[in-house]
Amino acid sequence: MQTKKNILMEYNFSEIEEKWRRYWRENQIYHVKEDETKDKFYVLDMFPYPSGAGLHVGHPLGYIASDIYARFKRLKGYNVLHPMGYDSFGLPTEQYAIQTGIHPEVATKDNTERYRKQLDQIGFSYDWSREVQTSDPYYYKWTQWIFKQLFNSYYCRKEDKAKPILDLISFFEKKGNINSQAVCDEETSLFTESDWKSFNEKEKEDILQKYRLAFLSETWVNWCEGLGTVLANDEIKDGLSERGGFPVEQKLMKQWSLRITAYADRLISGLETLDWSDSIKEIQKNWIGRSNGVSVRFNLQNSDKTIDVFTTRPDTIFGVNFIVLAPEHELIDVITTEDQKQNVVEYVNNTKLKSERERQADKSISGVFTGAYAIHPFTKEKVQIWIGEYVLATYGTGAVMAVPCGDQRDWDFATHFGLDIINIFENIDVSEKANQEKDVVIVNSGFLNGLKAKKAINLAIHKIEEEGIGRAKTNYRLRDAIFSRQRYWGEPFPVYYKGDTAYVLDDDKQVTLPQVDKYLPTSKGDPPLARARKEDWNVFQGDRMETNVMPGWAGSSWYFLRYMDPKNDAEFCAKEKSDYWGQVDLYIGGSEHAVGHLLYSRFWTKFLFDRGFIGFDEPFKKMINQGMILGRSNFVYRIKDTNTFVSADMRAGYKTTRLHVDINFVDNDILDINAFKKWREEYANAEFILNNEGEYLCGSEIEKMSKSKYNVQTPEKLVEKFGADTLRLYEMFLGPLEQFKPWDTKGINGVHNFLRKFWRLIHDSDNNFVVSEKKPTKQSYKTLHKTIKKVEEEIERYSFNTVVSSFMICVNELSEQKCNSREIISSFTILLSSYAPHIAEEIWQKLGNDTSVTIAEFPSFNESYLVEDDVNYPVSFNGKVRFKMTLPAEMTKNQIEQEVMKHEKTAHYLDGKSAKKIIVVPKRIINIVI
RNA sequence: GCCCGGAUGGUGGAAUUGGUAGACACGUUGGACUUAAAAUCCAAUGGACAGUAAUGUCCGUGCGGGUUCAAGUCCCGCUCCGGGUACCA
């Protein structure tokens, strides 16, 4: 037991930390304003979704790192924007509302308050006056506003940017759409200016929908019955919804979409300007999936219809002897012959029954012949038309020209159905597998004979275009983003309908979420908002209001802009504010948002830039993805069909079931049996087979932290036991920020001891603060300046863990030197303040300062303190270090060589032989080659 | 399959451009203080071998080669682990 006196005499972190948190709050220390006299720096965290579970120790990892960086930049004289908010629309809150009837707004308020409390405890330097919440009507008013701008814009290919839709309308009025360079749906029909003038309002709007960047369209969507909503591609993993893991199927529905595909090229090229990890850039590139090729038209036999196929290998076109259509292809009904009709209908219906997941999982080859033939554009031979599941309706044209000798999938298909394989490669055997190598000479291919792929591709494209049977085309894997969700807890659309035609509200009007009786779809299957009566809507125009809501990523696509001007009631963000703060200079968050949030916010930023609302077209200049902190789970082993648990080291020979056990009952893998028995009723009478030490040993594994695994470590407990400064230091000390690492509290004492050691350095045995006014020794200056250099360099390269070591080394050395000089301690306190702000403020005050250490000046590094008179050289023989010798630093290479050869040990290691060569690297090493 | 990471003591990790591998911590062991414990302080701590000892020798950064006076670091070929992605024509 510690005595009361002991506690008072030591570093009393809980009192200190509370005191300074109050001080920061009351004096608005972290409040920040635009200041033209200073350089700006914008440090941002990915804002959290405030879930009911609260924060665990993994969440603050990135926040601590960004906070350290923000504090460091402030000390270096920058005007730092470092805000925080909540991504507060989302499914879990809504599911909770469905179960409990509690309005999501109420649950959100509770959750954000808990988050705030937890965040405050860690001592972050956020300017909370700039807080945003995506579910706040004052915020989503502007999310709706951006939607309106998207609705009222189109993408101009010529200028390669978004422009007002009014420009397009006046173009149509003058010239129709025949020479229009605007991005639009593939199947948009052509019209002249007089056609346009003859269209009525609905017809005009239907056409404009094919051009608007936010538009309604009847498309195949990913319908998730379990969630009762459609999902975007990035919300699906392995054919299941990312949230909840429910099956997803294809359904034809009228939905809002955003024309992100118009930005595909710029989203790829923009990556070059970003300081992001290669892996995230790579993921985005793959997701966009640009491939250059050509679309080729095949005429049909006995029909005036044609089939377009997309290929990246037109050089292999002479290897084509059949075509394969996706089961959803629109021509199937038209071309199938009578005698094949039954087979085809059966096959198509079967594949439709399968879910997306089943179709992905099933790699077996299936298909059916339509009975129809196309004509090869060059050889004029008959080409069979098949239907196959391996062809995707949503990619390219939904049809492929099959080249069995050159594509493994086509080869597999041909082999399975006994179709011919034409070989067009010189000296290549295609009887076992297809040849996908490009460095091969092409034969049997008319005008392409004797060429290799690179030249043949260009020639083939040229010829295809010349003959008018196709044109070069770039295809993208990226689809337009489905922007409607059939849910309640999201942004309502600022949209109303007259008949089937959608209109956006005037700029001065916004829709707020109406009250509904239940958060469930209606009996007709309409979204929850359809439950609202006319009088429940704050705005009601036309025949009906839009009842879909926006997806979770709407609000998070622009939140970093709102932080710059959070209270602005007239604009989403004043231009002069966004001009001042500019891009986010450092963005820290998880890599799980690689294709969702990070792609959409780049898209919105580019759009807002195009329309002149902001002055930059990439949101996040530098990004770091922090690694996940994993939990350590513990297990007990229940013998099958009994209520007896066997110790992990005794379980051989038993059939057992492994069960997660709450880590709070386990210390050093030893189970507290009494606590375990009390945990659940069913365990009250459990029996235990103990090991030879009479203990119950648990098994363990490193896993993701989750409630269901009972391995969650919360920051509260650690803050209570060790203080926030210790927690901050420890999370950084664990290892490199980007790395995945298991959470283990074993080492936390080490960092805590470091703070206590620092405290003791400047307090006497009665806990009185004592610093010396004497001039520090040369050695102490060296210690300090070594630390200044290291701290500055390491923080600049985001190596947060090694800085903690430098702090420790510094305090260790100062303790050894018994140095408590005011000058040294003052500088060190500033260095420490970005990591451990509470204790730094306390010491700073004790040193006699009456302003916060957060506005101190980072100590400047002076090289001259590190200059050594002597160098301790390692002397190696054939690369092996044998002894060391200290020599004056200013000695020349020749002098060093002479000194080394004179050394008594040199003769011993030369062992009678002569030195072939002596390598001297000044201030580093001496190597003697024998 | 393809694309990105990674592999260093009992543990987390350090070594920025090739130049003293294992900083800093944790853990372990021994010692001091104490009636005792906690806390604190001191010392040792990659492995093997030799020696009473000071010390010395050899081996050591996943494995096998190579470049170099010198390789954890660079090059070639593998193994294992983690992440992403997939009938994308």
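Order of the sequence lines sets the chain letters (A, B, ...), proteins ahead of strands, with each chain counted from 1.
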- [ ] Taking the six-membered ring for Trp and the full ring for Phe, Tyr or His, determine whether the centres of A:F758 and A:F828 are under 6.0 Å apart.
- [x]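 Under 6.0 Å, so yes.
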For the side chain of [X] and the backbone of [Y], is there at least one donor-acceptor N/O pair under 3.5 Å apart?
X: A:D766; Y: A:N768; result: no
X: A:S445; Y: A:L448; result: no
X: A:Y835; Y: A:D725; result: no
X: A:N222; Y: A:L231; result: yes
X: A:N286; Y: A:G289; result: no
X: A:Y11; Y: A:N753; result: no
X: A:N878; Y: A:I930; result: yes
X: A:T787; Y: A:C810; result: no

Would you call the rings of [X] and [Y] parallel, tilted or perpendicular if under 30° counts as parallel and over 60° as perpendicular?
X: A:Y730; Y: A:W743; answer: perpendicular
X: A:Y69; Y: A:F800; answer: perpendicular
X: A:W759; Y: A:H763; answer: parallel

Find every protein N or O atom lying less than 3.5 Å from an N or O atom of nucleotides 55-58 of chain B, and list the pairs.
from: B:U57; atom 1: OP1; to: A:Y909; atom 2: OH; distance (Å): 3.3
from: B:C58; atom 1: OP2; to: A:R882; atom 2: NH1; distance (Å): 3.1

- [ ] Specify the residue among A:D278 and A:I928 whose closest nucleotide of RNA chain B lies further upstream toward the 5′ end.
- [x]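 First, find each residue's nearest nucleotide; the 5'-ward one identifies A:D278.
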TODO: By nearest nucleotide on RNA chain B, pick out whichever of A:P874 and A:I919 is the more 5' one.
DONE: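 It is A:P874 whose nearest nucleotide is closer to the 5' end.
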TODO: Classify every nucleotide of nucleotides 9-17 of chain B by which part a protein heavy atom approaches to under 4.0 Å, writing B for the base, S for the sugar-phosphate alone and - for neither, in 5'-to-3' order.
DONE: ---BSSSBB
When the [atom1] atoms of [M] and [N] are compared, how many Å lie between them, rounded to an integer?
N: B:G18; M: B:U68; atom1: C1'; answer: 9 Å
N: B:A38; M: B:U34; atom1: P; answer: 15 Å
N: B:G60; M: B:C3; atom1: P; answer: 33 Å
N: B:C69; M: B:U79; atom1: P; answer: 32 Å
N: B:G46; M: B:U11; atom1: C1'; answer: 13 Å
N: B:G72; M: B:G9; atom1: P; answer: 14 Å
N: B:G47; M: B:A23; atom1: P; answer: 13 Å
N: B:U73; M: B:A7; atom1: P; answer: 11 Å

Open item on the list: One pair to check against ring-ring contact (aromatic ring centres under 6.0 Å, His included): A:F883 and A:H903. What are the steps and the verdict?
Closed with: CA-CA 10 Å; A:F883 62 90; A:H903 197 279; 4.4 Å; yes
Open item on the list: Do A:V320 and A:V309 make a side-chain contact, defined as non-hydrogen atoms from C-beta onward lying under 4.5 Å apart?
Closed with: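 No, every pair of side-chain atoms sits at 4.5 Å or beyond.
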Can you tell me if the side-chain N/O atoms of [X] get under 4.0 Å from OP1 or OP2 in [N]?
X: A:N625; N: B:G5; result: no
X: A:Y390; N: B:A89; result: no
X: A:R479; N: B:C88; result: no

Would you indicate what [X] reaches in the nucleic acid, counting non-hydrogen atoms under 4.0 angstrom: base, sugar-phosphate, or nothing?
X: A:V400; value: base
X: A:N927; value: base
X: A:I283; value: sugar-phosphate

Sort me out a list of protein N/O and nucleotides 41-51 of chain B N/O pairs below 3.5 Å, or just none if empty.
from: B:C41; atom 1: OP1; to: A:R760; atom 2: NH2; distance (Å): 2.8

- [ ] Using a 90° cut-off around 0 for syn, call B:G51 syn or anti.
- [x]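 Because its glycosidic torsion lies more than 90° from 0, B:G51 adopts the anti conformation.
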Figure out the [atom1]/[atom2] separation between [X] and [N], and round it to whole Å.
X: A:L325; N: B:A89; atom1: CG; atom2: C1'; answer: 13 Å
X: A:R313; N: B:C88; atom1: CZ; atom2: P; answer: 14 Å
X: A:I896; N: B:G19; atom1: CD1; atom2: C1'; answer: 14 Å
X: A:R477; N: B:G84; atom1: CZ; atom2: C1'; answer: 11 Å
X: A:K473; N: B:C88; atom1: NZ; atom2: C1'; answer: 13 Å
X: A:I925; N: B:G19; atom1: CD1; atom2: C1'; answer: 5 Å
X: A:F877; N: B:G19; atom1: CZ; atom2: C1'; answer: 16 Å
X: A:E738; N: B:G5; atom1: CD; atom2: P; answer: 13 Å

Residues [X] and [Y] bridged, charged N to O under 4.0 Å:
X: A:K786; Y: A:E813; value: yes
X: A:E863; Y: A:K789; value: no
X: A:E794; Y: A:R797; value: yes

Task: Shortest side-chain distance from A:S279, nucleotide among B:U20, B:C4, B:A89 - done: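 Nearest listed nucleotide: B:C4.
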- [ ] Provide the full list of side-chain hydrogen bond (donor to acceptor under 3.5 Å, both in side chains) pairs with a residue in residues 312-326 of chain A, sequence neighbours left out, each pair given once.
- [x]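 Only A:R313-A:D315 qualify under side-chain hydrogen bond (donor to acceptor under 3.5 Å, both in side chains).
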Open item on the list: Can you list, in residue-number order, the parts of residues 403-413 of chain A that come under 4.0 Å of RNA chain B, counting heavy atoms only?
Closed with: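 By residue number: A:R409.
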Task: Bracket notation of RNA chain B in which parentheses pair within the strand, [ ] cross earlier pairs, and | pairs with another strand (Watson-Crick or G-U, under 3.5 Å) - done: (((((((..(((......[....)))((((((.......))))))(((((....)))))..(((((..]....))))))))))))....
Task: Candidate pair A:F413 and A:Y390, rule ring-ring contact (aromatic ring centres under 6.0 Å, His included), full reasoning - done: CA-CA 9 Å; A:F413 193 85; A:Y390 80 96; 5.3 Å; yes
